[in-house]
J.: 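Pasting a structure below so you can have a look.
Each chain gets a letter, A, B and so on, in the order the sequences are listed, and its residues count up from 1.
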Amino acid sequence: MATQFTFNAPRGRSGRRRLIYATLLVIVVFALDALTGGNIRELTQRAGSSLWKLSENVRRGVFDSGYFRTHRSLAEKNAQLRAEIERGNENAASYIALKQENEILRSLLQVSQDENGITVPVVSSMSASPYGTFLIGAGRANGMVQGSLVLTPGGFVVGVVSEVREKTSLVREVFAGAAQADVLINGAAAPAEGRGGGNARVAMPRGIAILEGDPVIAPLFGGRPVGVVGKVDSDSSNADQTVYVVLPINISSLRFVHIVPAN
Amino acid sequence: MRTLIALLGFVSALFLHPLLTALCIFFLAFRYASWEAILLGCMTDLIWQPSSISFPYFTLAAILIVWVLGPLRSQFLR
């Protein structure tokens with residue numbers, strides 16, 4: 001049988017040299033970024049958000065040209081109906097959450113009712129980040145402060161402002177992969193383990209009655225809702241039940257978010 | 001092919017899914033002595049890494065994988 005492998009004499013050193021240069025360049029870039037207080041990061045993020053905005057404009061331009069009108073009108077109608085359903089779901093979940101919040105937690109935790117804030121656009125993809133982050137189009141110039149809460153139009157906390165630049169800010173999702181947040185479900189507290197995309201998993205004692213649609217509240221965020229119960233997995237051989245938490249809105253469809261200062 | 005994968009990686013880092021970016025980095029590093037893989041990891045971290053995470057994992061992983069796979073690449077792949 002002919003051998004499957006071949007032996008190659010080491011090729012010229014140019015490839016290796018390029019690797020060394022690239023490695024050194026990256027080290028220099030991170031060192032400069034640290035020395036300049038994140039200026040290189042800011043430039044990269046601004047370029048990234050500009051490209052994202054450009055791609056959105058191109059996408060709209062192509063689909064608004066009329067070439068894909070028939071297909072597009074159906075797709076648009078479909079998307080519109082889906083969005084309406086999602087809005088309805090979110091409003092219903094939001095109502096339950098707010099009702100429970102008002103009745104129990106706000107009085108107990110004495111949380112301020114003040115919801116002063118600003119609405120800002122999302123200026124990056126919501127799914128491309130390996131760290132569960134996204135960019136919003138407001139920064140220091142707009143009075144953004146690190147630690148501010150990022151809410152969906154329905155009032156669910158979706159993230160926390162992690163870094164503030166001049167014109168953009170980086171938001172870390174509450175339920176980014178491997179992130180942990182303490183939550184309350186039906187008055188019972190437990191840590192939620194983030195799974196990305198607005199989803200989380202919570203292990204709770206099986207004795208606690210939890211139903212799909214129950215609001216999930218985060219005391220750390222002023223008793224605001226962070227999601228609803230999407231599914232409950234309960235097994236008689238296990239003392240715990242697994243609660244899957246979801247956002248009642250598709251996180252990728254968010255175009256605007258509301259920013260409120262953290263309490 | 002190399003340019004296409006690198007381009008896909010850069011597009012993925014901005015618009016698509018991080019798993020696809022990671023796959024592009026791995027494939028580039030596995031098949032070529034790819035400086036693009038290192039820059040791709042660096043760009044991903046510069047755009048998305050929050051300050052609460054202290055290590056630029058994508059950059060470190062890209063550098064590691066490019067250098068670790070180097071001997072294997074030079075021995076067995078043309």
Side-chain angles (χ1 to χ4, degrees), chain A residues 4-27 29-30 33 38 40-49 51-52 55-56 59 124-125 127-135 146 159-164 170-173 176-179 196, chain B residues 2 6 8-25 28-29 31-78:
Chain A
Q4 296 294 308
F5 297 104
T6 56
F7 177 80
N8 293 335
R11 273 185 273 170
R13 290 190 180 139
S14 65
R16 198 181 171 82
R17 204 176 297 142
R18 273 188 211 134
L19 282 187
I20 293 171
Y21 287 150
T23 309
L24 288 176
L25 175 73
V26 163
I27 292 168
V29 164
F30 276 102
D33 183 63
I40 294 178
R41 223 167 266 257
E42 182 175 1
L43 280 175
T44 321
Q45 287 174 349
R46 211 183 288 175
S49 81
L51 275 174
W52 188 81
S55 79
E56 281 289 291
R59 189 181 61 80
S124 76
S125 162
S127 57
S129 170
Y131 299 105
T133 50
F134 61 91
L135 293 165
Q146 192 174 359
V160 177
V161 174
S162 169
E163 275 169 43
V164 181
L170 189 71
V171 176
R172 180 125 208 253
E173 288 173 30
Chain B
R2 179 175 173 170
L8 177 65
F10 282 105
V11 170
S12 169
L14 278 175
F15 309 110
L16 304 175
H17 199 275
L19 267 180
L20 184 58
T21 315
L23 268 177
C24 289
I25 290 176
L28 281 169
R31 184 66 186 85
Y32 312 100
S34 171
W35 52 270
E36 299 94 329
I38 297 175
L39 294 190
L40 188 49
C42 175
M43 190 191 90
T44 306
D45 283 331
L46 284 177
I47 294 178
W48 301 116
Q49 188 202 352
S51 52
S52 54
I53 294 175
S54 34
F55 291 105
Y57 289 110
F58 257 63
T59 310
L60 292 177
I63 290 174
L64 193 75
I65 211 167
V66 163
W67 285 103
V68 164
L69 290 177
L72 187 74
R73 211 170 35 232
S74 63
Q75 291 291 320
F76 296 118
L77 296 171
R78 264 177 215 287

J.: Quick check on the interface: out of A:Thr133, A:Leu19, A:Val29, who has the most heavy-atom pairs with chain B under 4.5 Å?
T.: A:Leu19
J.: Quick one: what part of A:Gln146 sits under 4.5 Å from any heavy atom of chain B, side chain, backbone, both or neither?
T.: side chain
J.: Tell me if a side-chain donor or acceptor on A:Ser49 pairs with a main-chain N or O of A:Ser124 at a distance below 3.5 Å.
T.: no
J.: Select one option (side chain, backbone, both, neither) describing which atoms of A:Leu170 are under 4.5 Å from chain B's heavy atoms.
T.: side chain
J.: Where on A:Arg172 is there a heavy atom nearer than 4.5 Å to chain B: the side chain, the backbone, both, or neither?
T.: side chain
J.: Around atom CH2 of A:Trp52, are there more than 12 heavy atoms from other residues, nucleotides or ligands closer than 6.0 Å?
T.: yes
J.: Let me know if B:Thr59 has heavy atoms under 4.5 Å from chain A in its side chain, its backbone, both or neither.
T.: side chain
J.: If you tally heavy-atom pairs under 4.5 Å against chain B, which of A:Ser129, A:Gly132, A:Ser55 wins?
T.: A:Ser129
J.: Just give me the residue among A:Gly48, A:Ser162, A:Pro130 that pairs up with chain B most often, heavy atom to heavy atom, under 4.5 Å.
T.: A:Pro130
J.: Do A:Leu25 and B:Ile38 have side chains that approach each other closer than 4.5 Å (heavy atoms only, starting at C-beta)?
T.: no
J.: What part of B:Ser34 gets closer than 4.5 Å to chain A, counting heavy atoms only: side chain, backbone, both or neither?
T.: backbone
J.: Flag the one option from B:Pro56, B:Ala62, B:Gly41, B:Ser12 with the top tally of heavy-atom pairs under 4.5 Å to chain A.
T.: B:Pro56
J.: Do A:Phe30 and B:Cys42 come close enough that some side-chain heavy atom pair is under 4.5 Å?
T.: yes
J.: How many angstroms lie between CZ in B:Phe10 and CG in A:Leu51, if you round to the nearest 0.5 Å?
T.: 12.0 Å
J.: Without swapping roles, check the side chain of A:Gln45 against the backbone of B:Ile47 for a donor-acceptor pair under 3.5 Å.
T.: yes
J.: Does any N or O in the side chain of B:Gln49 come within less than 3.5 Å of the main-chain N or O of B:Phe55, such that one atom is a donor and the other an acceptor?
T.: yes
